[in-house]
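Each ligand, and each atom within it, is numbered from 1 in the order the structure gives. Since the model is a prediction, treat every value here as computed from it, not as a measurement.
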Amino acid sequence: MKEENKVAIITGGSRGIGAEIVKQLADNNYKVVLNYNKSEKEAKEIQEQLLKLGKEIKIFRADISNKKEVKELIQFTMNNFKKIDILINNAGISQEGLFNEITDEMWNKIININLNSVFYCTREVLPYMINQKQGCIINISSIWGETGSSYEVAYSTTKSAINGLTKALAKEVGPSNIRVNAIAPGIIDTDMNKNLNKKEIEEIKSQIPLCRIGKTSDIAKCVKWLIEDEYTTGQIISINGGWYI
Ligand code: NAP
């Protein structure tokens, strides 16, 4: 898929991995819609920075666990750019604690934000992609969706489900020339891991064959590659420094 005039939506593009994907795609002249929820200041700063470089970027606030707001995000994109070629389902939260201490409220919250959002966003963009017989959907999953993480059962559940959705949907929409893939990062240096202290980070690094935690650019580079590729679909691509092989 060539970048000229291609339109990409990135959910949770205000911080961390999503912000790096926004910058990577804008740098490569994709037209970008950055979705954010709470981090308006960060979203505006990224927009300002990229506009100064002559890039095409719009920002839109939507809680992607709310299907009405997702509809508005997709409508905003269509109104501004007239098409949608790429959807990056990136937004997500983590949650830690013993399984027996997960309340209904906690469970529903993480299922809504991490999993239902992927369903809502994908369901809204697919008719446009099917109509134009072309599209690329990338879901940001996690190493814990593959291996499971104790103390993060709900989070692991959402990411495993995203992997299943990715494979099944790839089969269903492949004939419409729509590719659906997931990236499963290991540990990446973002706010999501700011609760880990130095000692814990060192311990994790000692288990990783490439001896470092990941950078947001490690994930953004793979996103760019997956968009430009033409024959990869239904894959869960692990980017974890060899932590899980
Ligand atoms: P992060 O730095 O905490 O950023 C999370 C992003 O998600 C923010 O931009 C946030 O936007 C957005 N978001 C959260 N809830 C939202 C909602 N309801 N509606 C819209 N946006 C929402 O996290 P990250 O590390 O970049 O994580 C990005 C993705 O990578 C997540 O799916 C995560 O599970 C996955 N991942 C991360 C790691 C890691 O080690 N960091 C590893 C594996 C997988 P606002 O701030 O604007 O609300």
Salt bridge present between [X] and [Y] (N-O < 4.0 angstrom):
X    : Y    : result
K205 : E202 : yes
E69  : R61  : yes
K199 : E203 : yes
K68  : E72  : yes
K224 : D27  : no

Nearest non-hydrogen atom to [atom] belongs to which of [options]?
atom                    : options               : result
atom 46 (O) of ligand 1 : S39, A43, S141        : S39
atom 40 (O) of ligand 1 : I239, N193, N37, I204 : N193
atom 5 (C) of ligand 1  : G92, A91, G214, S14   : G92
atom 32 (O) of ligand 1 : T158, N240, I88, N90  : N90

Can you list the ligand 1 atoms lying under 4.0 Å from a non-hydrogen atom of [X]?
X    : result
I187 : 40 (O)
A62  : 19 (N), 20 (C)
G16  : 2 (O), 26 (O)
I140 : 29 (C), 30 (O), 32 (O), 35 (C)
D63  : 17 (C), 18 (N), 19 (N)
I17  : 26 (O), 30 (O), 37 (C)
N35  : 20 (C), 21 (N)
K38  : 45 (P), 47 (O), 48 (O)

Distance in Å, [X] [atom1] paired with [Y] [atom2], rounded so as to fall on 0.5 Å steps:
X    : Y    : atom1 : atom2 : value
S238 : I183 : OG    : CD1   : 10.5 Å
E96  : N195 : CD    : CG    : 5.0 Å
K109 : N116 : NZ    : CG    : 14.5 Å
N114 : N89  : CG    : CG    : 11.0 Å

- request: Kindly indicate, with the supporting measurements, whether the criterion side chain to side chain donor-acceptor pair (under 3.5 Å) is fulfilled by D85 and Q132.
  value: CA-CA 9 Å; D85 301 293; Q132 68 193 22; 3.0 Å; yes

Return the closest protein heavy atom for [atom] as residue, atom name and distance.
atom                    : value
atom 23 (O) of ligand 1 : M192 CE, 3.7 Å
atom 15 (N) of ligand 1 : I113 CG2, 3.8 Å
atom 10 (C) of ligand 1 : R15 NH2, 3.8 Å
atom 12 (C) of ligand 1 : G12 CA, 3.6 Å

task: Could you tell me if any non-hydrogen atom of E40 lies under 4.0 Å from any atom of ligand 1?
output: no

task: May I ask whether G186 has any heavy atom positioned less than 4.0 angstrom from an atom of ligand 1?
output: yes

query: For W243, does its backbone N or O pair with a side-chain atom of N240 as donor and acceptor, under 3.5 Å?
result: yes

message: If we ignore hydrogens and angles and just use 3.5 Å, is the side chain of R179 paired with the main-chain N or O of I138 as donor and acceptor?
response: no

How does [X] reach ligand 1, if at all, at less than 4.0 Å between non-hydrogen atoms: by side chain, backbone, both, or neither?
X    : result
S117 : neither
T190 : side chain
Y155 : side chain
T11  : neither

- prompt: So, N108 and N112: side-chain donor and acceptor under 3.5 Å apart, yes or no?
  reply: no

- request: Tell me yes or no: between the side chains of D63 and N37, is some donor less than 3.5 Å from an acceptor?
  value: no

query: Quick one: does I143 get an N or O within less than 3.5 Å of an N or O on ligand 1?
result: no

- prompt: Any N or O on K159 sitting closer than 3.5 Å to an N or O of ligand 1?
  reply: yes

